[in-house]
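To find a chain, count down the sequence lines: A is the first, B the second, and so on, and within it residues start at 1. Quick caveat, the model's predicted, so the values are computed rather than measured. Scope of the values below: all heavy atoms of this structure, side chains included, with no hydrogens, waters or symmetry mates.
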Number of protein chains: 2
Amino acid sequence: MVTNKYDSIYQDIAAQIESGKLKKHTKLPSENELSEAYGTSRETIRKALNLLSQHGYIQKIKAKGSIVLDIGRFDFPVSGLTSFKEVAEKVGQQFHTTVHELYVMKPDSFLQNELKISAKEEVWKVARTREKDGERIILDKSFFVKKYVPGLTKEICEDSIYAYLEGDLNLNISFARKEITVEECTDEDRTYLDLNGYNHIVVVRNNVFLDNASLIEYTESRHRLDKFRFVDFARRSR
Amino acid sequence: MVTNKYDSIYQDIAAQIESGKLKKHTKLPSENELSEAYGTSRETIRKALNLLSQHGYIQKIKAKGSIVLDIGRFDFPVSGLTSFKEVAEKVGQQFHTTVHELYVMKPDSFLQNELKISAKEEVWKVARTREKDGERIILDKSFFVKKYVPGLTKEICEDSIYAYLEGDLNLNISFARKEITVEECTDEDRTYLDLNGYNHIVVVRNNVFLDNASLIEYTESRHRLDKFRFVDFARRSR
DNA sequence: CAGTGGTCTAGACCACGAC
DNA sequence: TCGTGGTCTAGACCACTGA
């Protein structure tokens with residue numbers, strides 16, 4: 001996709017690891033060998049290796065080499081910075097999305113704060129449920145700043161809003177603040193979800209930013225307890 | 001702590017942001033100005049800025065500059081890669097730790113798999129509760145590979161095992177796989193925790209690795225529902 | 001000892017935004 | 001057009017590992 005040299009090297013090696021061509025627990029070629037093999041400088045190779053390291057593919061060990069890790073990375077079915085559709089596809093899960101609400105509204109003080117906008121701005125409200133094996137297990141309540149997202153349709157919301165934002169509107173989703181808590185179910189949860197008798201629900205709150213650091217979206221993803229799972233790879237930062 | 005040039009620049013700028021000397025939503029000096037100010041090359045400045053970006057301090061905008069973000073980063077009271085003590089201190093929370101179990105054992109097949117060790121290895125089991133405002137709200141069940149951690153004492157477990165590993169044993173905690181789910185309470189939970197009537201519990205599972213990619217620890221952190229909160233800063237990886 | 005990854009430099013060209 | 005951050009290069013020295 002991106003045409004960087006280091007990014008394409010990253011993708012190449014990552015693909016080799018995922019396909020098993022590069023075996024787990026074995027050593028990568030040294031940085032010097034890689035720079036020769038890819039016909040590039042060592043610094044560029046290092047950028048690619050750092051990406052692999054950050055994404056949990058390899059571990060670099062000083063004076064020894066880089067070894068391939070075997071951490072299952074692609075199994076975090078929690079919506080967040082990645083669009084729900086992308087995650088579902090990656091995990092190979094089949095979900096059906098139903099749009100329950102889609103309209104423009106004025107933000108209350110809570111939304112004004114979460115989206116850092118004034119009372120005069122307008123926002124889209126989108127309420128969707130995600131259904132799997134006949135059970136509605138996730139309720140997504142999303143709010144988009146209308147200034148950045150002038151038009152939204154039921155079709156877009158049923159497919160992928162992120163694909164629309166990035167593909168059609170040319171907006172770049174860049175980063176997010178994510179918060180996970182467990183809370184008591186609301187009447188809304190009971191209305192829209194098949195709660196299976198649970199009185200609590202996992203709430204994932206997301207404030208999503210564009211690459212110019214503007215807030216574009218606030219979403220509450222409400223997951224049924226037993227269907228929630230979040231997997232992360234984290235490096236120790238000092 | 002570390003003597004890198006780019007790391008000390010990172011820490012310097014991060015401190016300026018946290019102290020408010022660099023105001024939120026304002027621009028940093030350009031990379032050229034910074035490299036002159038710090039008397040270093042631009043690539044070194046860029047390494048420092050990338051750290052700031054990865055940690056949620058700034059957002060870099062091409063052809064414009066780097067702006068200071070105002071994402072509250074230091075509020076994730078969930079044990080994980082950072083030691084419980086470090087997190088508690090950062091959040092300014094007072095916890096009291098009680099060691100309930102501390103002994104050496106043979107790993108069952110579950111632990112053999114989680115720690116990737118053979119049945120002949122030995123592991124430390126450490127069970128601790130964390131108490132706040134008179135309530136025992138977190139149960140940590142940790143298993144350390146004895147090969148790497150020969151001696152453990154009640155005093156170490158009450159203080160900080162990580163400080164012992166890194167300070168005394170000179171081991172480098174490097175990365176972890178983390179998984180968050182919600183499960184039904186066990187009798188053990190009911191024995192050790194003040195569950196306040198809840199029938200479910202948040203379980204955070206951690207597989208912790210050293211910098212040579214060896215697994216050293218598997219921990220189950222069991223949090224009372226209403227006291228659990230996980231906050232993350234995530235960049236879109238694409 | 002040679003090879004490794006970690007750091008650092010002083011250049012270079014590019015695409016893009018603002019003026 | 002000028003300044004910005006993004007990419008890339010071809011060196012260099014270091015500390016450490018392993019033979």
May I have the distance from [X] (atom [atom1]) to [N] (atom [atom2]), rounded to whole angstrom?
X	N	atom1	atom2	value
Leu28(B)	dT4(D)	CG	C1'	13 Å
Leu34(A)	dG6(C)	CG	C1'	16 Å
Ile67(A)	dG5(C)	CD1	C1'	13 Å
Lys27(B)	dG5(D)	NZ	C1'	11 Å
Arg46(B)	dT4(D)	CZ	P	13 Å
Lys47(A)	dT7(C)	NZ	C1'	14 Å
Leu51(B)	dT7(C)	CG	P	10 Å
Gln59(A)	dG5(C)	CD	P	13 Å

So Leu49(A), base contact, sugar-phosphate only, or nothing? Heavy-atom distance under 4.0 Å.
nothing

Using a 4.0 Å heavy-atom cut-off to protein, can you give one letter per nucleotide of nucleotides 10-19 of chain C, 5' to 3': B if the base is in contact, S if only the sugar-phosphate is, - if neither?
B-B---BSS-

Hey, is the main chain of Ser214(B) close enough, under 3.5 Å, to the side chain of Asn212(B) for a donor-acceptor pair?
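Yes, because the side chain of Asn212(B) sits within donor-acceptor range (under 3.5 Å) of the backbone of Ser214(B).
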
Charged N to carboxylate O below 4.0 Å: is that the case for [X] and [Y]?
X	Y	answer
Glu43(B)	Lys47(B)	no
Glu121(B)	Lys146(B)	no
Arg42(B)	Glu36(B)	no

For Arg128(B) and Thr97(B), test the side chains for any donor-to-acceptor distance below 3.5 angstrom and give the result as yes or no.
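Not at all, the side chains of Arg128(B) and Thr97(B) share no donor-acceptor pair under 3.5 Å.
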
Side chains of Gln16(A) and Asp12(A): is there a donor and an acceptor less than 3.5 Å apart?
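A donor-acceptor contact under 3.5 Å links the two side chains.
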
Under 4.0 Å from OP1 or OP2 of [N]: is there any side-chain N or O of [X] that close?
X	N	value
Tyr6(B)	dT7(C)	yes
Lys5(B)	dT9(C)	yes
Thr44(B)	dT9(C)	yes
Ser30(A)	dT4(C)	yes

Not counting sequence neighbours, which residues clear side chain to side chain donor-acceptor pair (under 3.5 Å) with Ser53(A)? List them please.
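For Ser53(A) the side chain to side chain donor-acceptor pair (under 3.5 Å) partners, ignoring immediate neighbours, are Arg235(A).
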
Taking the minimum atom-to-atom distance to the side chain of Lys60(B), which one of dT4(D), dG5(D), dG5(C) wins?
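Looking only at heavy atoms from C-beta outward on Lys60(B), the closest nucleotide is dG5(D).
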
